[in-house]
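Here's the structure, in structure tokens; my notes come after.
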Protein chains: 2
Amino acid sequence: MQLHRSDVVTKAAHILDEFGIADLTMRRLARELSVTPGALYWHFADKQELLGAVADRILEPAVPDVAALPWAQRISTIGAALREALLSSTDGAELVSATFASGRSAALARILDLLAAAASDAGFETTNAALAARTIVYYVLGFTVDEQSRLQWDAAGALPDGQSVLTSNPNGRFAFGMRLLVDGMSAQHTVSPDDGASPDEGVDTGVTVPTA
Amino acid sequence: MQLHRSDVVTKAAHILDEFGIADLTMRRLARELSVTPGALYWHFADKQELLGAVADRILEPAVPDVAALPWAQRISTIGAALREALLSSTDGAELVSATFASGRSAALARILDLLAAAASDAGFETTNAALAARTIVYYVLGFTVDEQSRLQWDAAGALPDGQSVLTSNPNGRFAFGMRLLVDGMSAQHTVSPDDGASPDEGVDTGVTVPTA
DNA sequence: ACCTGAACACCGTTCAAGT
DNA sequence: ACCTGAACACCGTTCAAGT
């Protein structure tokens, strides 16, 4: 029978989940699909495209319907959904991080849009809303890559002691950073008499460089 | 003459800077040092240890003396110094990101400590200060990996149009995210009448899970 | 102590040729 | 249109043996 794009992605997702990202090679994938490595290159231009498709598979449940929520809750919900999706697969965070860097995941683009829309509702103009959205994603990916690698060290037996501060209560730890970011966004759009916050001035979009 | 650890790191840093991370292989490194690949394994346990040493070399100038500055400026200064060090070498951000994930850079640990100390001065207790420090590093690494890959796409000729918003004014864009984070930190330690901010309660360190 | 030689067990990608 | 066979040009790591 014929090999389809989706079969390849499904098998790749299985290998990832069972054996980790180091075992997700084109040759092994081909072997487990009972085809020749070259066959995969009929369906995918290169390995990165394949990984992008796997990332999208992992991120499917991470695009929640949040249209009705106030902006801050929308951001928290999306962040939590993203983290959960990443944790659901072995090395999921690492795979999606790599894919994010190469810009080949459609689902991640969608998540970025949702976050930018929330930031926009918070009062940021378009450019800064997109920046805030990326900042959230940097945090979720960074945190979760860390968390997942520690989980694996831990499961594999040896956790370096004294580091228990870094593994306990991961949900609370994750929420702390999310709160930091959401608070930062609020601060820039809440004028209060004693904190010196000012309305959003935006980043000068490309003409001058205001930073020292 | 004898091969020393520092010679290996120096040559590795040169290959990285001239040809990028894809060309930084143990075999090529050995070839350019006129030794056998096996020789490298006398000086380094594995490739990750070597990459950690290269990361430390790159990060040397990114550990600024900031003891005298107020906490917010210390954070901004460290963040800017880190970004600058990453940008100074081809694929520097990617290399340090990979090394950060594997926890093998001493310099990055030092930077994390400096940031945590600043967060501590901002009013966070130890656990949360360490979390805030990591959040800053996630941001700087994420942002700079992005920035550097776009710089390379751009230099290599084809920049996908309509994306100019993402490449112009990088200094201002970087500062925006830093401000977001610093503002978030301030918000949690500034009691003002209309923003509902409360003093730092900390993450319950490992006993209960306060998050839904 | 420090390095070579040689092997082990792999990679991603391409492409003429087959069906 | 879809895939095989076979090659190209590599990898990281180990380890007996040499000096």
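To find a chain, count down the sequence lines: A is the first, B the second, and so on, and within it residues start at 1.
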> With a 6.0 Å cut-off on ring centres, are B/Phe174 and B/Tyr139 close enough?
Replying inline: yes
> Do B/Arg83 and B/Asn171 have side-chain N/O donor and acceptor atoms under 3.5 Å apart?
Replying inline: yes
>> Whether the A/Ser168 and A/Arg173 side chains hold a donor-acceptor pair (N or O, under 3.5 Å, no angle test) is what I'd like checked.
In response: no
> Taking NZ, NE, NH1 and NH2 as the nitrogens, is one of them in A/Asp146 or A/Arg150 under 4.0 Å from a carboxylate oxygen of the other?
Replying inline: yes
>> Expected output is a numbered-order residue list: members of residues 32-53 of chain A with a heavy atom under 4.0 Å from any atom of DNA chain C. What is it?
In response: A/Pro37, A/Gly38, A/Tyr41, A/Asp46, A/Lys47
> Closer to the 5' end of DNA chain C via nearest nucleotide, is it A/Leu24 or B/His4?
Replying inline: B/His4
>> With rounding to the closest Å, how many angstrom separate the C1' atoms on D/dC8 and C/dC10?
In response: 15 Å
> For C/dA1, does either OP1 or OP2 sit under 4.0 Å from a side-chain N or O belonging to B/Gln2?
Replying inline: no
>> From CZ of A/Arg28 over to C1' of D/dC11, roughly how many Å is that when rounded to an integer?
In response: 18 Å
> Taking the six-membered ring for Trp, are the ring centroids of B/Tyr138 and A/Tyr138 within less than 6.0 Å of each other?
Replying inline: no
> Between atom CZ in B/Arg5 and atom C1' in C/dA1, what is the gap in whole Å?
Replying inline: 16 Å
> Expressed as a whole number of Å, how far does the P atom of D/dA9 sit from that of C/dA9?
Replying inline: 24 Å
>> Which nucleotide wins on minimum distance to the side chain of A/Arg27, given the candidates D/dA7, D/dT13, C/dC3?
In response: D/dA7
> Thinking salt bridges, do A/Arg110 and A/Glu60 make one under a 4.0 Å N-O criterion?
Replying inline: no
> What's the closest nucleotide to the B/Arg31 side chain, out of C/dC3, D/dC11, C/dG12?
Replying inline: D/dC11
>> Is the positively charged end of B/Arg134 above the ring of B/Phe100, judged by distance under 6.0 angstrom from the centroid and angle within 45° of the axis?
In response: no
> D/dC2 C1' sits how many Å from A/Asp7 CG, rounded?
Replying inline: 14 Å
>> Pairs counted only when both distances fall under 3.5 Å, Watson-Crick or G-U: show me the 5' to 3' dot-bracket for DNA chain C, [ ] for pseudoknotted crossings and | for other-strand partners.
In response: ||.|||||...|||||.||
> Given atom CG of A/Asp23 and atom P of C/dC10, what is their separation to the nearest angstrom?
Replying inline: 10 Å
> How long is the line joining CZ of A/Phe19 and P of C/dC10, in whole Å?
Replying inline: 13 Å
> Atom CE of A/Met26 and atom P of D/dC3: how far apart are they, to the nearest Å?
Replying inline: 14 Å
> Is the B/Phe124-A/Phe176 ring centre distance short of 6.0 angstrom?
Replying inline: yes
>> Between the side chains of A/Asp56 and A/Arg104, is the shortest nitrogen-to-carboxylate-oxygen separation below 4.0 Å, so that they form an ion pair?
In response: no
